[in-house]
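In what follows, a structure is listed as structure tokens, so that the remarks can point back to it.
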Amino acid sequence: MSSFLSALMLRVFAGGLICTAAMLLAGDGAKKEVVRICCACLMIIFVLTPLTGAQFSLADFSVTQKEVERQIQNGLDEARQSEYNATAAAITDYIRSKSEKLDINCQPQVEYLVDENNVFHITSVTVTHTAVGQSAIDALKKIITDECGVPLEQIYFIER
């Protein structure tokens, strides 16, 4: 009976360590909830397998652990990319709303890159617009540089 309890405690302890590592890697947000549910299922497996007599070793789980870590990293990368796209879309919408207030009918496009430190940088803003006065274009350029932080040399205006 004591070997059964020690095996059960070892499984629960190992499962706890694995789940802790997975939760730390998951970060915050929706991905963390998925990992939390997976960890709960894993702990149920660790507790119930000795009761069913099934053999389950930690070596069998090591491949799965690496796969879970890879999936978590992929999920984090997808979430970051989604955030970058949402940021570019928000800046585009902001420029569009400001241009409407200046009576400029335009279609702004924001280009960006992400450096090796995962820092978002706007590389260019291209504004395709209908014919409008130079003063309105200058006002929109000032808004884009001052409020969006885009250098003047990275802003392009194209008349349709």
Give, for atom [atom1] of [X] and atom [atom2] of [Y], the distance between the pair rounded to the nearest 0.5 Å.
| X | Y | atom1 | atom2 | value |
| --- | --- | --- | --- | --- |
| Thr92 | Gln107 | OG1 | CD | 8.0 Å |
| Tyr156 | Gln109 | OH | CD | 12.5 Å |
| Asn74 | Lys31 | CG | NZ | 9.5 Å |
| Cys38 | Glu33 | SG | CD | 11.5 Å |
| Met43 | Ile18 | CE | CD1 | 9.0 Å |
| Asp146 | Leu152 | CG | CG | 10.0 Å |

Item to check | Val127 and Ile144: CA distance, side-chain angles, deciding distance, side-chain contact (heavy atoms from CB on, under 4.5 Å) verdict | outcome: CA-CA 11 Å; Val127 180; Ile144 295 171; 4.2 Å; yes

Checklist entry - Could you give all pairs that pass the side chain to side chain donor-acceptor pair (under 3.5 Å) test and reach residues 116-125, with sequence neighbours left out? => result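 Qualifying pairs: Asp115-His121.
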
Next on the checklist: Membership question, hydrophobic clusters at under 4.5 Å side-chain separation (ILVMFWY): are Val125 and Val114 in the same one?
Outcome noted: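 In one cluster: yes.
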
Checklist entry - Mind checking who shares a hydrophobic cluster with Ile37, ILVMFWY linked at side-chain heavy-atom distances under 4.5 Å? => result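 Noted: Ile37 shares its cluster with no other residue.
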
Shortest non-hydrogen contact from [X] to [Y]?
| X | Y | answer |
| --- | --- | --- |
| Cys39 | Met23 | SG-CG, 4.4 Å |
| Cys19 | Leu42 | SG-CD2, 3.9 Å |
| Asn105 | Arg160 | O-NH2, 3.6 Å |
| Leu102 | Ala136 | CD1-O, 4.0 Å |
| Ala26 | Val35 | CB-CG2, 3.7 Å |
| Leu76 | Leu25 | CD1-O, 3.1 Å |

Item to check | Partners passing ring pair (Phe, Tyr, Trp, His ring centres under 6.0 Å) against Tyr112 (at least two apart in sequence or in another chain) | outcome: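 Listed in chain order: Phe120.
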
Next on the checklist: Under the rule for side chain to side chain contact (heavy atoms under 4.5 Å, CB included), what residues qualify as partners of Gln154, not counting sequence neighbours?
Outcome noted: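 In terms of side chain to side chain contact (heavy atoms under 4.5 Å, CB included), with neighbours along the sequence ignored, Gln154 is linked to Val150, Pro151.
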
Item to check | Under the side chain to side chain contact (heavy atoms under 4.5 Å, CB included) test, residues paired with Glu159 that sit two or more places apart | outcome: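 In terms of side chain to side chain contact (heavy atoms under 4.5 Å, CB included), with neighbours along the sequence ignored, Glu159 is linked to His129, Ala131.
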
Next on the checklist: Could you walk me through whether Arg80 and Glu83 satisfy the salt bridge (Lys or Arg N to Asp or Glu O under 4.0 Å) test, starting with their C-alpha distance in whole Å, then the side-chain angles of each, then the deciding distance to 0.1 Å, before giving a yes or no?
Outcome noted: CA-CA 5 Å; Arg80 270 191 221 102; Glu83 286 179 31; over 6 Å; no

Indicate whether the side chain of [X] and that of [Y] have a donor and an acceptor atom separated by less than 3.5 Å.
| X | Y | answer |
| --- | --- | --- |
| Glu67 | Gln71 | yes |
| Gln134 | Asp138 | yes |
| Asp77 | Gln73 | yes |

Item to check | Residues forming a salt bridge (charged side-chain N to carboxylate O under 4.0 Å, His left out) with Lys141, sequence neighbours excluded | outcome: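 Lys141: no salt bridge (charged side-chain N to carboxylate O under 4.0 Å, His left out) contacts found.
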
Item to check | Non-hydrogen side-chain atoms of Ile122 and Val110 separated by less than 4.5 Å | outcome: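 Yes, side chains in contact.
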
Next on the checklist: Tell me whether Ser82 contacts the main-chain N or O of Glu78 through its side chain, where contact means a donor paired with an acceptor under 3.5 Å.
Outcome noted: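 Checked: no pair found.
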
